[in-house]
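This one's a predicted model, so the numbers in the text were calculated from it and none came from an experiment. Every heavy atom of this structure was used, including side-chain atoms; hydrogens, water molecules and symmetry mates were not.
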Amino acid sequence: MRLRFRIVQQSLNKEGYVSEKDIKTLYSGHEVSCHTATHPNLTQVPSPVRIQEIYSDRIRLEKLCGYIVRGMSWPYGSYDSDSIDAAKQCGIVYSRTVNATKAFSRPDHFLTWNPTCHHNDCLALADRFHELLAPHRSFLFYVWGHSYELDTNQNWDMIEEFCKRMSGREDTWYATNIEIYDYIMAQNQLQFSADAKQVYNPTVTDVWIRYQNETVLIGSGKTVNLA
């Protein structure tokens, strides 16, 4: 889940917003991504403003977090082809929409990445997700939402129950958005021989595939003979 926050100059104010000095520590282990500098509807502003909004937000977040920021979510869930082009120019490789699919599929296009559901609906889908899990298939459960909504709707108990049901499973990979993006990109770059019995992984990411009902590791930079 991506937790949205607002940046303020001092420590936590009475509304509970996060201060700049606390961001790196508080969000350690999480992925921080862009949401534009002032949260405009990007479909309703000129192209230079789109780029400025995304790029300045990325620069500031990278300084605060200390790592490269490559992800984003669309303000108000609104985007168009020009907004997507602006995101690409700013080095953004994925951006989350608010179009819930209620499905567990991988994104068709990372810059219009549709989530499975909003966190208000996540508990109802948890059992269905586990029922679908199988060794030879992969599913993606992507929940989006805002942490402040849990206070507003008074449903922290719901999200805690969801986390309890989803946690500690050996058949589930718990990943950030950028980890999923990088893994799928590496998976897509695997090179197979004409007879599909040899595979080479040219990336720096280890990738696993299924071959004759067995899970096979294709290590970074390695060539594996499958038969």
Side-chain angles (χ1 to χ4, degrees), residues 1-40 42 52-77 79 87 90-98 100 107 110-111 113-123 126 140-169 172-185 204-205:
M1 181 190 301
R2 182 185 183 277
L3 300 181
R4 179 182 171 191
F5 58 89
R6 296 186 184 182
I7 299 173
V8 295
Q9 296 298 325
Q10 301 177 352
S11 58
L12 293 180
N13 61 18
K14 62 182 180 180
E15 287 82 18
Y17 293 148
V18 179
S19 65
E20 288 187 347
K21 67 181 179 62
D22 293 327
I23 287 174
K24 187 173 183 178
T25 300
L26 183 62
Y27 292 97
S28 176
H30 296 264
E31 178 197 352
V32 172
S33 61
C34 296
H35 201 43
T36 69
T38 66
H39 204 271
L42 292 177
Q52 182 183 30
E53 283 285 335
I54 299 169
Y55 203 63
S56 62
D57 190 36
R58 184 183 174 199
I59 290 173
R60 191 177 190 193
L61 290 176
E62 289 181 343
K63 288 181 179 178
L64 291 171
C65 299
Y67 55 78
I68 298 171
V69 173
R70 296 187 289 151
M72 180 175 155
S73 57
W74 297 111
Y76 304 106
Y79 59 90
C90 293
I92 299 299
V93 296
Y94 77 80
S95 191
R96 191 259 306 151
T97 76
V98 296
F110 273 103
L111 285 166
W113 190 346
N114 297 323
T116 301
C117 66
H118 184 272
H119 59 61
N120 284 338
D121 302 315
C122 65
L123 197 56
L140 175 61
F141 196 165
Y142 187 165
V143 180
W144 82 277
H146 304 110
S147 55
Y148 69 81
E149 292 178 298
L150 299 172
D151 282 332
T152 302
N153 300 331
Q154 297 185 350
N155 57 359
W156 277 100
D157 55 339
M158 177 272 297
I159 201 67
E160 288 176 356
E161 176 60 25
F162 172 75
C163 292
K164 186 185 300 183
R165 291 193 193 182
M166 301 300 294
S167 64
R169 296 181 62 101
T172 302
W173 178 34
Y174 305 95
T176 63
N177 291 354
I178 199 63
E179 286 174 335
I180 293 169
Y181 170 85
D182 285 338
Y183 184 83
I184 292 178
M185 289 298 100
V204 297
T205 302

Nearest 0.5 Å please: distance from the CG atom of N114 over to the CZ atom of R96.
10.5 Å
Mind checking whether H30 and T176 have side chains closer than 4.5 Å, heavy atoms only?
no
Search all heavy atoms of H119 against all heavy atoms of I159 and return the closest pair with its distance.
CB-CD1, 4.0 Å
Say you draw a straight line from CZ of F110 to CE of M185; how long is it, rounded to the nearest 0.5 Å?
4.5 Å
Is a side-chain donor or acceptor of Y174 paired with a backbone partner of R169 at a separation under 3.5 angstrom?
yes
Any non-hydrogen side-chain atom of D182 less than 4.5 Å from a side-chain atom of R70?
yes
Closest non-hydrogen contact found for E31 with I178 is OE1-N, 2.9 Å
A side-chain contact here means heavy atoms from C-beta on lying under 4.5 Å apart; do L140 and P107 qualify?
yes
Check whether S167 reaches the backbone of K164 with its side chain - one donor and one acceptor, N or O, closer than 3.5 Å.
yes
What is the minimum heavy-atom distance between L61 and S33, and which atoms define it?
CD1-O, 3.5 Å
Test of understanding: with side-chain contact (heavy atoms from CB on, under 4.5 Å), list the residues that count as partners of S56, not counting sequence neighbours.
A37
Between M158 and N120, does a side-chain contact (heavy atoms from CB on, under 4.5 Å) hold up when you go through it step by step?
CA-CA 8 Å; M158 177 272 297; N120 284 338; 4.2 Å; yes
Between E161 (side chain) and L123 (backbone), is there a donor-acceptor pair under 3.5 Å?
no
Can a donor-acceptor pair be found, under 3.5 Å and without considering hydrogens, that links the side chain of Y67 to the backbone of V32?
yes
Quick one: are C34 and E53 in side-chain contact, heavy atoms under 4.5 Å?
no
Going through the checks in order, is the side-chain contact (heavy atoms from CB on, under 4.5 Å) test met by F141 and M166?
CA-CA 10 Å; F141 196 165; M166 301 300 294; 3.7 Å; yes
P115 and T97, any side-chain heavy atoms less than 4.5 Å apart
yes
Backbone N/O of C90 and side chain of R58: donor-acceptor pair under 3.5 Å
yes
Over all atoms of both residues, closest heavy-atom pair of I23 and C65:
CG2-SG, 4.1 Å
Please tell me if the side chains of Y79 and L111 come closer than 4.5 Å, counting only heavy atoms from C-beta onward.
no
Parallel, tilted or perpendicular: which one describes the rings of Y94 and W113, with boundaries at 30° and 60°?
perpendicular
In Å and rounded to the nearest 0.5 Å, what is the CD to CG distance from E160 to N155?
10.0 Å
Set out, in order, the CA-CA distance, both residues' side-chain angles and the distance that settles side-chain contact (heavy atoms from CB on, under 4.5 Å) for W74 and L42, then state yes or no.
CA-CA 8 Å; W74 297 111; L42 292 177; 3.7 Å; yes
Take the angle between the ring planes of W144 and H146 and call it parallel below 30°, perpendicular above 60°, tilted in between.
perpendicular
Locate the shortest heavy-atom distance separating S147 from W156; write the atom from each residue and the value.
O-CZ2, 4.0 Å
Closest approach of E62 and V69, non-hydrogen atoms and distance?
OE2-N, 2.9 Å
Between E20 and K63, does any NZ, NE, NH1 or NH2 come within less than 4.0 Å of an OD or OE carboxylate oxygen?
no
For H118 and G145, indicate whether the former's side chain and the latter's backbone hold a donor-acceptor pair under 3.5 Å.
no
In terms of heavy-atom contacts, does CD of Q52 have more than 12 from other residues, nucleotides or ligands at under 6.0 Å?
no
Quick check: does any side chain N or O of Y142 sit under 3.5 Å from a backbone N or O of N177, one acting as donor and the other as acceptor?
no
